[in-house]
Amino acid sequence: MSPESTPEPVIPEAGANAPGGRSRGRRRKPPGRGRRALLVTAWTAAGILVLGGTGVGYLYFKLNGNLRTVDINQALGTDRPTKVDNGSENILVLGSDSRSGSNKKLGGGTDDGSARSDTAMIVHVYEGHRKAAVVSVPRDTLIDRPACIDAHGTRHSAATGVMFNSAYSTGGAACAVKTVESMTGIRMDHYLEVDFSGFQKLVDELGGVEVTTTKAIDDRESHLDLKAGTHTLDGKQALGLVRTRHGVGDGSDLGRIQLQQAFVKALTNQVKQVGVFTSPKKLYDLADTATKTVTTDSDIGSVNSLIDFANGLKSISAKNMHMVTMPVEYDPANPNRVIVAEAKAKRVWAALKNDRPIPASATKGTATGQAKGVVTS
């Protein structure tokens, strides 16, 4: 599991307001159920707090105690990329997959007491905080993992040619951030991690999420059966959608990323539309679930700080989110793995460093799944 700590409760002052390229191979070993998708909750959690927080200051104490934090800055020290002071922010969002407790029932697999991060998104919020770029990093990308020190002070040696998600399983959040910064040369300003056990409940409390499927999706692995058409997905169906890979496209992990990205946009729209102002109980239930579901870096590890952070994101709508997958190619030695398309990836990272749009040519011709457009919002 990731190193965590519970912050001291913060009570606001009286009157304070809450505001794709090579031939497409198939993955032969599907990961355990439920493993991938649930990082989308992290993007939602902070937004929920902003949507209707006015007048609920008395609940802050309880909600603050729900949050878990990890001190990334202390663990990584000064050997990090320099922060580019151009008004932008970079956030690493991870979906963690523990096999213990309620996660075992949802995700299946062996309860070995460990956790993995099989979904990762680098979110770049542009200056002005009205647009964002989201870069998904495939879990099975072969990378050179740097040496790192985890939040407990344990040093982990560097490794060559290992899967990207080994960084988290080796050294938790700190090693995951270290690896991303080493790959991109970009400093991560914040860290958000979501455990998928709360995802299903959160979607249900939102009243479901509306999506349109242009093709039927039938995947027994993820217990998902959707006809072509418009659906309001409940929590169980949403969980099935974001973890499916065999029910649509070429069955690849890259195809699943395309489905996840489409669902993130639909979920973002839903959060903005839900009428939390009309029901204090609904607002509290959403905020309670959201704050129990995420782990953050210590800089935004209180409800007050999380609200300030989210307040800077609330102007970003789904139509202003540009979502891509990190440029990769299938590994010639193993079609179940991908490798970074270095030249194109460098163009992506350069664009984000300079707070510019990611050029279409940076991702054109790289490996991709075949699920684009299957889900729309």
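Using a 4.5 Å heavy-atom threshold, the side chains of V135 and L352 count as touching. Inter-residue side-chain proximity for W349 and I122 is flagged as met; some heavy-atom pair is nearer than 4.5 Å. Residues V211 and F263 have side chains in contact (heavy-atom distance under 4.5 Å, counting atoms from C-beta outward). Two residues are said to be in side-chain contact when any heavy atoms from C-beta on lie closer than 4.5 Å; R243 and D219 fail this criterion. A 4.5 Å side-chain heavy-atom check between N86 and E127 finds every atom pair outside the cut-off. Looking at heavy atoms from C-beta onward, H129 lies in side-chain contact with E89 at the 4.5 angstrom threshold. In this structure, L92 and L192 have side chains that are not in contact, with every pair of non-hydrogen atoms separated by 4.5 Å or more. Side-chain contact between I217 and D225: absent, with no pair of heavy atoms (C-beta onward) separated by less than 4.5 Å.
Rounding to the nearest 0.5 angstrom, the gap separating the CD atom in Q200 from the OG1 atom in T293 is 12.0 Å. Expressed to the nearest 0.5 Å, how far CG of L94 lies from CG of N165 amounts to 10.0 Å. For the atom pair CD1 of I257 and CE of M326, the computed distance is 8.5 Å after rounding to the nearest 0.5 Å. Rounding to the nearest 0.5 Å gives a distance of 7.5 Å between SG of C175 and CZ of R145. In this structure, L259 CG and L254 CG are separated by 11.5 Å, a value rounded to the nearest 0.5 Å. Atom-to-atom distance recorded for T212:OG1 and E210:CD is 6.0 Å, nearest 0.5 angstrom.
Of the possible donor and acceptor atoms, one in the side chain of T214 sits under 3.5 Å from a partner among the backbone N and O of G373. Remark: side-chain polar atoms of T291 are paired, donor with acceptor, to backbone N or O of D288 under 3.5 angstrom. Distance alone, capped at 3.5 Å, is enough to place a donor-acceptor pair between the Q237 side chain and the D234 backbone. A distance-only check finds no donor-acceptor pair linking the side chain of Y191 to the backbone of V177 [under 3.5 Å]. Counting only distance, with no hydrogens or angles, the side chain of N354 and the backbone of A350 share a donor-acceptor pair below 3.5 Å. Side-chain N or O atoms of E181 include one that pairs as donor or acceptor with a backbone N or O of M188 at under 3.5 Å. With hydrogens and angles disregarded, a donor-acceptor distance shorter than 3.5 Å links the side chain of K344 to the backbone of K364. Side-chain atoms of T213 never come within 3.5 Å of backbone atoms of A216 as a donor-acceptor pair (strictly under, hydrogens ignored).
In the hydrophobic cluster analysis, where Ile, Leu, Val, Met, Phe, Trp and Tyr join through side-chain heavy atoms closer than 4.5 angstrom, F309 is grouped together with M321. Residues V70 and I149 do not share a hydrophobic cluster, clusters being chains of Ile/Leu/Val/Met/Phe/Trp/Tyr side chains in contact below 4.5 Å.
Looking at every heavy atom in both residues, A371 comes nearest to G255 through CB-O, 3.4 Å. Here the closest heavy-atom approach between residue A151 and residue A174 is recorded as N-CB, 4.3 Å. Closest approach of D189 and S88 over heavy atoms only: OD2-O, 4.2 Å. The minimum heavy-atom distance between T179 and A167, with the atom names listed, is OG1-CB, 3.3 Å. Nearest heavy atoms, V242 versus Q260: O-NE2, 3.0 Å. For the pair V209 and L267, the tightest heavy-atom approach, listed with the atom from each and the gap, is CG2-CD1, 3.7 Å.
Of the N and O atoms on the side chains of N90 and H190, not one donor lies less than 3.5 Å from an acceptor on the other residue. Looking at S136 and Q261, their side chains do bring a donor and an acceptor atom within 3.5 Å of each other. T325 and Q258 share no side-chain donor-acceptor pair at under 3.5 Å. E193 and Y168 form a side-chain donor-acceptor contact under 3.5 Å, judged by distance and modelled atom types alone. In summary, the side chains of E205 and T289 do present a donor paired with an acceptor at a separation below 3.5 Å, with no hydrogens or angles considered. One side chain, D299 or N73, offers a donor N or O that lies under 3.5 Å from an acceptor on the other. Side-chain contact check for T82 and R187: no donor-acceptor pair (N or O, by modelled atom type) lies under 3.5 Å. Using modelled atom types and a 3.5 Å distance limit, the side chains of S298 and T69 yield no donor-acceptor pair.
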Take H322 and K131 through the test side chain to side chain contact (heavy atoms under 4.5 Å, CB included) and record every step on the way to the result.
CA-CA 8 Å; H322 181 206; K131 299 185 298 180; over 6 Å; no
Working for side chain to side chain contact (heavy atoms under 4.5 Å, CB included), residues T244 and E221:
CA-CA 7 Å; T244 190; E221 293 283 338; over 6 Å; no
Please report the C-alpha distance between V180 and F164 in whole Å, then the side-chain angles of each, then the deciding distance to 0.1 Å, and finally whether the side chain to side chain contact (heavy atoms under 4.5 Å, CB included) criterion is met.
CA-CA 9 Å; V180 168; F164 168 77; 3.8 Å; yes
Worked check of salt bridge (Lys or Arg N to Asp or Glu O under 4.0 Å) between D253 and R256:
CA-CA 5 Å; D253 201 46; R256 177 158 51 187; 3.1 Å; yes
May I have the step-by-step check of side chain to side chain donor-acceptor pair (under 3.5 Å) for S166 and S169, ending in yes or no?
CA-CA 5 Å; S166 70; S169 58; 5.5 Å; no
Go through it in stages, so that I can follow the logic: the residues are L226 and L224, the test is side chain to side chain contact (heavy atoms under 4.5 Å, CB included), and I'd like the CA-CA distance, side-chain angles, deciding distance and then a yes or no.
CA-CA 6 Å; L226 296 175; L224 183 67; 3.7 Å; yes
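Results of the side-chain contact (heavy atoms from CB on, under 4.5 Å) test with D331 over L142, T141, D140 single out L142 as the only residue that passes.
Salt bridge annotation for D150-R155: absent, with no cationic side-chain nitrogen under 4.0 angstrom from a carboxylate oxygen.
Other residues, nucleotides and ligands contribute only 12 or fewer heavy atoms inside 6.0 Å of the NZ atom of K236.
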